[in-house]
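Notes follow once the structure below has been shown.
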Amino acid sequence: MLGLTQKTLADKAGIPLPTYRRFERTGDVSLRSLVMLSIALDCSRDFSELFAGNTFTSLDEIIDSTSKQRKRGKRNT
C-alpha cells in the first residue's frame with residue numbers, strides 16, 4: 001500500500017517498534033498508540049466519524065438513551 005516498513009511507520013507514529021509488531025500480531029494496542037498510528041497514516045478523520053453522534057450532557061441522558069423498557073411476561077399460574 002504505502003510501502004512503509006514496520007520500523008518506518010513505528011518511528012513516524014512515535015511508538016516503539018515492538019508495540020507496533022504486537023499490534024500487527026495480536027491486535028492489542030493502547031488507544032494512544034492507535035491514535036498515533038492513525039495520524040501517521042493520515043486517517044485520523046476516521047476517529048471523528050467513529051465518535052460522531054449523540055452529544056450528551058449527563059450520565060442520565062446516556063442511560064435514558066440506551067435503556068429499554070423491560071416488558072414482563074405473563075405468569076403461568
Side-chain angles (χ1 to χ4, degrees):
M1 285 176 24
L2 297 177
L4 299 174
T5 65
Q6 289 179 332
K7 179 163 180 23
T8 302
L9 181 53
D11 288 345
K12 188 174 178 181
I15 64 172
L17 180 58
T19 298
Y20 180 73
R21 287 185 173 157
R22 185 183 69 239
F23 174 50
E24 276 198 349
R25 191 176 67 254
T26 67
D28 182 35
V29 69
S30 70
L31 179 59
R32 181 187 183 281
S33 294
L34 184 61
V35 170
M36 298 300 288
L37 284 165
S38 73
I39 291 168
L41 293 169
D42 194 30
C43 57
S44 57
R45 289 184 311 257
D46 295 339
F47 282 99
S48 297
E49 293 174 18
L50 177 65
F51 295 111
N54 297 336
T55 303
F56 300 103
T57 57
S58 71
L59 288 175
D60 289 332
E61 286 182 12
I62 295 170
I63 293 167
D64 290 343
S65 72
T66 58
S67 65
K68 299 192 185 273
Q69 187 69 4
R70 186 173 169 192
K71 294 182 181 179
R72 296 185 178 257
K74 294 181 181 178
R75 282 194 155 160
N76 293 333
T77 54

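Source: prediction; values computed, not measured.
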Starting at [atom1] of [X], measure out to [atom2] of [Y] and round the result to the nearest 0.5 Å.
{"X": "Lys12", "Y": "Thr5", "atom1": "NZ", "atom2": "OG1", "value": "11.5 Å"}
{"X": "Ser30", "Y": "Leu37", "atom1": "OG", "atom2": "CG", "value": "9.0 Å"}
{"X": "Ile15", "Y": "Ser33", "atom1": "CD1", "atom2": "OG", "value": "5.0 Å"}
{"X": "Lys7", "Y": "Arg21", "atom1": "NZ", "atom2": "CZ", "value": "9.5 Å"}

Grab the two heavy atoms, one from Ala10 and one from Leu17, that are nearest each other, plus how far apart they are.
-> CB-CA, 3.9 Å
Applying salt bridge (Lys or Arg N to Asp or Glu O under 4.0 Å) to Arg22 and not counting sequence neighbours gives Asp28
Can you tell if the side chain of Leu9 reaches within under 4.5 Å of the side chain of Leu41, non-hydrogen atoms only?
-> yes
Do the non-hydrogen side-chain atoms of Phe23 and Leu34 ever get within less than 4.5 Å of each other?
-> yes
